[in-house]
Amino acid sequence: MSPRCFIIRHGETEWSLNGRHTGETDLPLTANGEKRIRATGKALFGDDRLVVPKKLAHIFVSPRTRAQRTLELLEIGCRERLPWNEQRKSEEEEAIRTEAKVEITDAVREWDYGDYEGLTSKQIREMRAERGEGPWNIWTDGCPGGESPEDVIRRLDALIAEIREKYQRSCFGNSDDAKGDVLVVAHGHILRAFAMRWVGKPLTETSLILEAGGIGTLSYEHHNIDEPAIILGGQFVVD
């Protein structure tokens, strides 16, 4: 099997629930969001599940608390303590299932919404209309005071290149026991952009949806690192 890259959007927050753009604002998960992420971990992580912890080579997580809490609730069973915790759970509390290192990186922080932070798409359109500005599309226009699509592409392309060269290229031609799977825990817009850049597409073609708490699966066709692909049916949301 070709190595895979699993992208996980953090669980539900109050702002994701009502459609407000949440970049640097650090919000906790809702009680329902925590419940659903726990269920996702139990349903999709394990030796006979979608994500096999022992095959994970590395875990990237956003600096935002909502993403880090999501990783905690998945209870993957990391040998090392999570970087934001003073100590890891004891082996009695959580069985060790992966040797993968957890890395906090700005490469997968959410899109910087700048002036549009905390606003819904409807509010943004209304504000632009009042100013006599044209229609708005984040994939082509970016955010004033925040990031442009080109800014996002640069940081995502660098991370994807690192994943392929550092963790996955060595898996091709080796046995199925090679540890090459990578996990990315982050946010809605940035993960949708990540998936498009994984297959080398411009962000203008982005028509993907990843719900809060959803998981997407990226891999390669024909066991060839030069043929990156999105696995259809690779998103799972557990109620």
Side-chain angles (χ1 to χ4, degrees), residues 7-34 36-37 60-71 83-84 103-162 184-216 218 235 237:
I7 55 174
I8 304 181
R9 183 180 174 188
H10 64 76
E12 175 191 275
T13 68
E14 288 296 338
W15 281 18
S16 71
L17 198 56
N18 57 33
R20 296 172 68 180
H21 288 75
T22 321
E24 294 188 0
T25 305
D26 220 358
L27 298 174
L29 303 186
T30 63
N32 184 57
E34 293 211 356
R36 292 181 67 185
I37 291 297
F60 293 98
V61 62
S62 160
R64 303 284 86 82
T65 301
R66 57 192 181 275
Q68 295 171 8
R69 179 60 176 158
T70 295
L71 180 58
W84 53 89
E103 178 182 348
I104 300 171
T105 175
D106 272 333
V108 294
R109 60 177 169 77
E110 182 57 296
W111 198 305
D112 184 347
Y113 297 122
D115 298 347
Y116 295 160
E117 179 78 7
L119 301 178
T120 65
S121 294
K122 181 174 182 291
Q123 289 172 326
I124 293 169
R125 288 192 292 268
E126 290 173 347
M127 182 175 67
R128 290 176 65 88
E130 290 174 0
R131 295 174 177 174
E133 299 172 345
W136 174 71
N137 183 329
I138 193 171
W139 308 112
T140 56
D141 305 322
C143 300
E147 286 185 294
S148 68
E150 292 73 25
D151 292 331
V152 168
I153 286 171
R154 276 192 292 272
R155 62 179 165 104
L156 291 181
D157 283 3
L159 178 62
I160 290 168
E162 178 184 352
V184 180
V185 186
H187 312 269
H189 271 123
I190 207 65
L191 289 178
R192 291 163 66 190
F194 183 97
M196 293 306 294
R197 296 309 299 164
W198 182 268
V199 292
K201 298 294 185 182
L203 299 191
T204 50
E205 294 187 19
T206 300
S207 55
L208 305 173
I209 295 174
L210 189 62
E211 296 180 13
I215 297 182
L218 311 173
Q235 174 181 316
V237 178

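All values reported here derive from a predicted model rather than from experimental measurement.
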### Message
Rounded to the nearest 0.5 Å, what separates atom CZ in Arg66 from atom CH2 in Trp15?
### Response
9.0 Å
#### Entry: Separation of Asp157 CG from Phe194 CZ (nearest 0.5 Å)
10.0 Å
### Message
Quick check: Trp139 with His189 (ring centres under 6.0 Å apart)?
### Response
yes
### Task
Measure the shortest side-chain to side-chain distance between Arg131 and Met127 over non-hydrogen atoms and say whether it is less than 4.5 angstrom.
yes
### Query
Do you know which two heavy atoms are closest between Thr13 and Leu29, and how far apart they sit?
CG2-CD2, 4.1 Å
#### Entry: Carboxylate-amine/guanidinium contact Lys122 Glu126, below 4.0 Å
yes
### Message
With no hydrogens and no angle check, just 3.5 Å: does a side-chain donor-acceptor pair link Glu117 and Thr25?
### Response
yes
### Task
Taking atom types as modelled, find out whether Tyr116 and Arg128 have a side-chain donor-acceptor pair closer than 3.5 angstrom.
yes
### Task
Taking Glu110 for its side chain and Ile190 for its backbone only, find out whether a donor-acceptor pair lies under 3.5 Å.
yes
### Query
In Å and rounded to the nearest 0.5 Å, what is the CG to CG distance from Asp106 to Leu159?
11.5 Å
### Task
Examine distances only and state if a side-chain atom of Thr70 and a backbone atom of Gly11 form a donor-acceptor pair shorter than 3.5 Å.
yes
### Point-to-point distance, once rounded to the nearest 0.5 Å, from CG of Leu203 to CZ of Arg197
6.5 Å
### Query
Between Arg109 and Glu147, does at least one N-O distance fall below 4.0 Å, as a salt bridge requires?
yes
### Query
Hey, does the side chain of His21 reach the backbone of Leu119 with a donor-acceptor pair shorter than 3.5 angstrom?
yes
